[in-house]
Asker: 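The structure that follows is given in the form of structure tokens.
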Amino acid sequence: MKNGNSGLTAALTGLAPAVWGSTYLITTELLPPDRPLLATTMRALPGGLFLLALGRKLPVGVWWWRALVLGVLNIGAFNFLLFVAAYRLPGSIAAMIMSAQPMFVVILAALFLGDRIRAVHALACVMGTGGVVLLVFKGAAPLDTIGVFTAVGGALCMASGITLTKRWGRPEGVSLLTFTGWQLTAGGLVLLPFWLSSEDLPDDGLTGSNVIGFAYLIAFGAVLSYIVWFRGIEHLPAVAVSFLALGSPVVATLLGYLVKDQTLSALQIVGMAVISLAVVLGQPRPPEPGSEETPSDPPRTTTSLLPDQPALEQERSP
């Protein structure tokens, strides 16, 4: 991919974490309290079913279990852990823990994608985490053990989802909308029985604010943002995508300043600048003059890297 196109793709992909950065505000201000499973299921399942109805195509062969795995990692488990962390931790602490996600992707990409661990990526990881600390840290705060573990688990789920989505690619003949619908539906269906068995609707029913909050999460926090996100994973290196996720705490902080009249200190502004620099350092470098440029777009399927090639061949056979 040409460097200009890569920059545009990164900017478009960064819109997804920007939308996700509003999750903390939507959760605390518009959604029913203490119902993370309801919030996660409602975020994923309706949008996934809508996209499935548009695409009218189900997974075939090996893609049944792949869609399930990706749906759990990218959607179900990740969003559930994110909501639990948002309910049980101050937003600043949750954001600090989640900022370790690019570091996990750097390691996983080296193990499963064959990417080299570069010094610039290690530096960007340190800068990204440091920038988030400057952005959100507000002194000592009580730590909820479950909240801390769920935040770490959410970071690991996101990192694993990015890596596996990059490795497996998208099957030939399947649109991006349908591919996104598979994962949203799989993640929502996995969560549905847990929600039905452990949570219920509020005693007074859903308020108008609740409906607005869920509608926002479905349309923007799930359907549109994940379409953009999976497109970015297709066209950018996994590590580059992971650094774009650092935009979430920046947006969360700005929304707190604009909507909830929170203060914005000089240290927070410095933190935003450091995070922005980390994101830039994490993006692919332009090719050296005279060197051959290799395309960064992955094939729709990466059969040469996988042990289950016969299954894919069977899938493609008439």
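Just the heavy atoms: all of them, side chains too, but no hydrogens, waters or symmetry mates, feed the values below.
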Asker: Quick check: do Trp195 and Pro36 have side-chain heavy atoms less than 4.5 Å from each other?
Answerer: no

Asker: For Ser248 versus Pro17, what's the shortest heavy-atom pair and its separation?
Answerer: OG-O, 2.8 Å

Asker: If you round to the nearest 0.5 Å, how far is CG of Leu38 from CZ of Arg43?
Answerer: 13.5 Å

Asker: Under the criterion side chain to side chain contact (heavy atoms under 4.5 Å, CB included), I'd like the reasoning laid out for Leu246 against Val250: C-alpha separation, chi angles, the key distance, then a yes or no.
Answerer: CA-CA 7 Å; Leu246 294 175; Val250 174; over 6 Å; no

Asker: Checking side chain to side chain donor-acceptor pair (under 3.5 Å) for the pair Ser160/Thr163: CA distance, chi angles, key distance, verdict?
Answerer: CA-CA 5 Å; Ser160 301; Thr163 304; over 6 Å; no

Asker: State whether the number of non-hydrogen atoms from other residues, nucleotides or ligands found under 6.0 Å of Tyr216 atom OH is greater than 12.
Answerer: yes

Asker: Closest approach of Ile75 and Gly187, non-hydrogen atoms and distance?
Answerer: CB-CA, 4.2 Å

Asker: Is Leu31 close to Leu217 at the side-chain level, that is, under 4.5 Å between some pair of heavy atoms?
Answerer: yes

Asker: In Å and rounded to the nearest 0.5 Å, what is the CG to CG distance from Leu58 to Leu52?
Answerer: 6.5 Å

Asker: So, does Thr150 use its side chain to make a donor-acceptor pair with the main chain of Ile146 at under 3.5 Å?
Answerer: yes

Asker: Could you tell me whether Lys166 and Glu234 have a side-chain N and a carboxylate O separated by less than 4.0 Å?
Answerer: no

Asker: Could you go through the side chain to side chain contact (heavy atoms under 4.5 Å, CB included) check for Leu70 and Trp63 one step at a time?
Answerer: CA-CA 10 Å; Leu70 293 178; Trp63 277 100; 4.3 Å; yes

Asker: Using a 3.5 Å distance criterion without hydrogens, assess whether the side chain of Asp115 forms a donor-acceptor pair with backbone atoms of Val239.
Answerer: no

Asker: Test side chain to side chain contact (heavy atoms under 4.5 Å, CB included) on Cys125 and Phe243 and set out the steps.
Answerer: CA-CA 8 Å; Cys125 286; Phe243 280 105; 3.7 Å; yes

Asker: With no hydrogens and no angle check, is any side-chain donor or acceptor of Thr185 less than 3.5 Å from a backbone partner on Trp182?
Answerer: no

Asker: I'd like to know whether the aromatic ring centres of Trp20 and Tyr226 sit less than 6.0 Å apart in this structure.
Answerer: yes

Asker: Does Arg116 reach the main-chain N or O of Ala110 with its side chain, forming a donor-acceptor pair under 3.5 Å?
Answerer: no

Asker: Could you check if a side-chain atom of Leu37 sits within less than 4.5 angstrom of a side-chain atom of Leu196, using non-hydrogen atoms only?
Answerer: no

Asker: Using atom types as modelled and distance alone, determine if a side-chain donor or acceptor of Thr129 lies under 3.5 Å from a backbone N or O of Val126.
Answerer: no

Asker: Would you indicate whether the side-chain heavy atoms of Leu281 and Met127 approach each other to under 4.5 Å?
Answerer: yes

Asker: Is a side-chain donor-acceptor pair under 3.5 Å present for Thr9 with Ser6?
Answerer: no

Asker: Side-chain contact test, heavy atoms from C-beta onward, threshold under 4.5 Å: evaluate it for Val223 versus Thr180 and give yes or no.
Answerer: no

Asker: Within the distance-only criterion (no hydrogens, no angle test), does the side chain of Gln101 pair as donor or acceptor with the backbone N or O of Met98 below 3.5 angstrom?
Answerer: no

Asker: Looking at every heavy atom in both Pro32 and Leu206, which two are closest together, and how far apart are they?
Answerer: CG-CD2, 4.1 Å

Asker: How far does CG of Leu184 sit from CG of Leu49, to the nearest 0.5 angstrom?
Answerer: 9.5 Å

Asker: With a 4.5 Å heavy-atom cut-off, do Phe80 and Val190 have their side chains touching?
Answerer: no

Asker: Give, for atom CG of Asn74 and atom CD1 of Ile162, the distance between the pair rounded to the nearest 0.5 Å.
Answerer: 7.5 Å

Asker: Can you tell me how far the CH2 atom of Trp229 sits from the OG1 atom of Thr165, to the nearest 0.5 Å?
Answerer: 10.0 Å

Asker: Are the side chains of Ile117 and His121 in contact, using a 4.5 Å heavy-atom criterion?
Answerer: no

Asker: Any donor-acceptor pair under 3.5 Å linking the side chain of Arg170 with the backbone of Val174?
Answerer: yes

Asker: Answer whether the closest heavy-atom distance between the side chains of Met272 and Leu254 falls below 4.5 Å.
Answerer: yes

Asker: Hey, does the side chain of Ser242 reach the backbone of Val105 with a donor-acceptor pair shorter than 3.5 angstrom?
Answerer: no

Asker: Any chance you could lay out the side chain to side chain contact (heavy atoms under 4.5 Å, CB included) test for Thr13 and His235, step after step, and finish with the verdict?
Answerer: CA-CA 10 Å; Thr13 307; His235 295 289; over 6 Å; no

Asker: Ignoring hydrogens and geometry, is there a side-chain-to-backbone donor-acceptor pair from Arg35 to Pro33 under 3.5 Å?
Answerer: yes

Asker: Hey, does the side chain of Lys57 reach the backbone of Phe179 with a donor-acceptor pair shorter than 3.5 angstrom?
Answerer: no

Asker: Are Leu123 and Val132 co-members of a hydrophobic cluster defined by side-chain heavy atoms under 4.5 Å apart?
Answerer: no

